[in-house]
Participant: 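Structure provided below as structure tokens; questions to follow.
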Amino acid sequence: PSDALVFVHVGRFEEQKNHIFLIDIFHEILKKDNKCILLLAGDGRLRQKTEERTNELGMCEEVKFLGLRTDIPEILAAADIFLMPSHYEGIGNVLVEAQAAGLPCFVSDSIPKEVDMGAGLVEFLPLKNDAETWSKQILASDKNRNPEAFRKVIEKGYSIQDTVRIVEEIYLGK
């Protein structure tokens, strides 16, 4: 539906990304607001297990498995909220991209704080909390995009110009 709240996660279906917990969080969200959709972009060893958990919870219509994609910026643009309850991460590029797209991001407290670009979009939630607690915090939080967030991302050095400069320094010794 056009008024649906669209959640998104982008990542490999591997233990690190914690997809089963993500599905449980979304199940709790749906109990409180049934006008929600979850988009999952990516593939991996645990995709089938995640699909099975989705089926067990009766969410086949609300959870869309998108597979490997080349249109991640468009998917992020179509979403309202980015979720990342990972067990561990480095500086996740997709989390930087989500902030550049202006998305509110709800991530586990195991993700390095340096990934927050300072646009007021990242909320770190304790991984020790259960899915119901996560869902309550997500739904109670500000879920508005920040259309100017990309400027903060650029200020932190995540622009194509900065990336080209870094690659030139590495390969050309500039």
Participant: Report yes or no: do Ile25 and Val107 belong to one cluster of Ile/Leu/Val/Met/Phe/Trp/Tyr joined by side chain heavy-atom distances under 4.5 Å?
Facilitator: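 No; tracing contacts between hydrophobic side chains, which count when under 4.5 Å, never links both residues.
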Participant: Could you check whether atom CD of Glu74 has more than 12 heavy atoms from other residues, nucleotides or ligands sitting under 6.0 Å from it?
Facilitator: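 Yes, because the 6.0 Å sphere around CD of Glu74 holds more than 12 heavy atoms from other groups.
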Participant: Side-chain contact test, heavy atoms from C-beta onward, threshold under 4.5 Å: evaluate it for Leu83 versus Ile138 and give yes or no.
Facilitator: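 Result yes, sub-4.5 Å side-chain heavy-atom pair found.
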Participant: Supply the atom-to-atom distance Arg145 CZ to Leu76 CG, rounded to the nearest 0.5 angstrom.
Facilitator: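 So the CZ of Arg145 and the CG of Leu76 are separated by 8.0 Å.
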Participant: In Å and rounded to the nearest 0.5 Å, what is the CZ to CZ distance from Arg53 to Phe21?
Facilitator: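 Between atom CZ of Arg53 and atom CZ of Phe21 there are 11.5 Å.
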Participant: For Leu22 and Pro85, work out which heavy atoms get closest and say how close.
Facilitator: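 Shortest heavy-atom contact: CB-CG, 3.8 Å.
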Participant: When Lys152 is tested against each of Glu155, Lys156, Glu148 for side-chain contact (heavy atoms from CB on, under 4.5 Å), which residue passes?
Facilitator: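 By the side-chain contact (heavy atoms from CB on, under 4.5 Å) criterion, Lys152 pairs with just one of Glu155, Lys156, Glu148: Glu155.
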Participant: Are Asp142 and Pro104 close enough that some pair of their side-chain heavy atoms sits under 4.5 Å apart?
Facilitator: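 A side-chain contact is absent here, since even the closest heavy-atom pair is not under 4.5 Å.
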Participant: Of all the heavy-atom pairs spanning Ala79 and Val8, show the shortest one and how long it is.
Facilitator: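 Smallest heavy-atom distance, with atoms named: CB-CG1, 3.5 Å.
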Participant: Mind checking whether Ile29 and Ile20 sit in one hydrophobic cluster, side chains of I, L, V, M, F, W, Y counted as touching below 4.5 Å?
Facilitator: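 In one cluster: no.
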Participant: If you measure from CZ on Phe65 to CZ on Arg47, what distance do you get to the nearest 0.5 Å?
Facilitator: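 If we round to the nearest 0.5 Å, Phe65:CZ and Arg47:CZ are 7.0 Å apart.
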Participant: Can you get from Leu5 to Trp134 by hopping between Ile, Leu, Val, Met, Phe, Trp and Tyr side chains that sit under 4.5 Å apart?
Facilitator: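 Same cluster.
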Participant: Just wondering, do Ile111 and Met84 contact through their side chains at under 4.5 Å, heavy atoms?
Facilitator: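 Contact flag for Met84/Ile111 side chains = yes.
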Participant: Within a radius of less than 6.0 Å around NZ of Lys35, do more than 12 heavy atoms belonging to other residues, nucleotides or ligands occur?
Facilitator: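 Not more than 12 within 6.0 Å, no.
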Participant: Does the structure place the NZ or CZ of Lys49 under 6.0 Å from the centre of the six-membered ring of Phe13, at an angle of no more than 45° from the ring's axis?
Facilitator: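 Judged by the rule, Lys49 and Phe13 form no cation-pi pair.
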Participant: Once rounded to the nearest 0.5 Å, what's the spacing between atom NZ of Lys17 and atom CG of Leu46?
Facilitator: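 It comes to 12.5 Å.
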Participant: Can you tell if the side chain of Glu132 reaches within under 4.5 Å of the side chain of Lys32, non-hydrogen atoms only?
Facilitator: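 Side chain of Glu132 against side chain of Lys32, heavy atoms only: contact under 4.5 Å found.
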Participant: Side chains of residues 36-43: which donor-acceptor partners sit under 3.5 Å, not counting sequence neighbours?
Facilitator:
none

Participant: Once you round to the nearest 0.5 Å, how far does CD of Glu14 lie from NE2 of His87?
Facilitator: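 NE2 of His87 is found 12.0 Å from CD of Glu14.
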Participant: Would Asp24 and Asp130 count as a side chain to side chain contact (heavy atoms under 4.5 Å, CB included) if you check the C-alpha gap in whole Å, the side-chain angles of each, and the deciding distance to 0.1 Å?
Facilitator: CA-CA 9 Å; Asp24 291 344; Asp130 63 13; over 6 Å; no
Participant: Flag yes if more than 12 heavy atoms outside Lys128 fall under 6.0 Å of its NZ atom; otherwise flag no.
Facilitator: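 Result for NZ/Lys128: open.
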Participant: Mind checking whether Phe106 and Gln137 have side chains closer than 4.5 Å, heavy atoms only?
Facilitator: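 They are not in contact (no side-chain heavy atoms under 4.5 Å apart), so the answer is no.
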Participant: Hey, quick one: are Val94 and Ile154 part of the same hydrophobic cluster, counting side-chain heavy atoms closer than 4.5 Å, chains of contacts allowed?
Facilitator: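 No.
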Participant: Is it the case that one hydrophobic cluster holds both Ile81 and Leu139, taking links as side-chain heavy atoms less than 4.5 Å apart, direct or via other members?
Facilitator: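 Yes, Ile81 and Leu139 fall within the same hydrophobic cluster.
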Participant: Of all heavy-atom pairs between Met117 and Gln99, which one has the smallest distance, and what is that distance?
Facilitator: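 For Met117 and Gln99, the tightest heavy-atom pair comes out as N-OE1, 2.9 Å.
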Participant: Angle between ring planes, Phe26 versus Phe7, binned at 30° and 60°: parallel, tilted or perpendicular?
Facilitator: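 Perpendicular, since the angle between the ring planes exceeds 60°.
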Participant: Drop me the distance from Thr50's OG1 to His9's NE2, to the nearest 0.5 angstrom.
Facilitator: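 These two atoms lie 9.0 Å from each other.
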Participant: If you look at every heavy atom in Asn18 and Ser86, which pair is closest and at what distance?
Facilitator: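 Looks like CB-CA, 4.2 Å.
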Participant: Side chains of Ile72 and Arg69, heavy atoms from C-beta outward: is any pair under 4.5 Å?
Facilitator: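 Sidechains of Arg69 and Ile72: in contact.
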Participant: Give the minimum heavy-atom separation between Phe82 and Leu103, together with the two atoms involved.
Facilitator: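 Here Phe82 and Leu103 meet closest at CB-CD1, 4.1 Å.
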Participant: Please report the shortest heavy-atom distance between Pro112 and Ile91, naming the atom on each side.
Facilitator: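 Answer, listing the atom of Pro112 first, then Ile91: CB-CD1, 4.1 Å.
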Participant: Step through the shown structure and confirm whether more than 12 heavy atoms of other residues, nucleotides or ligands are within 6.0 Å of CD on Glu15.
Facilitator: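 12 or below, so no.
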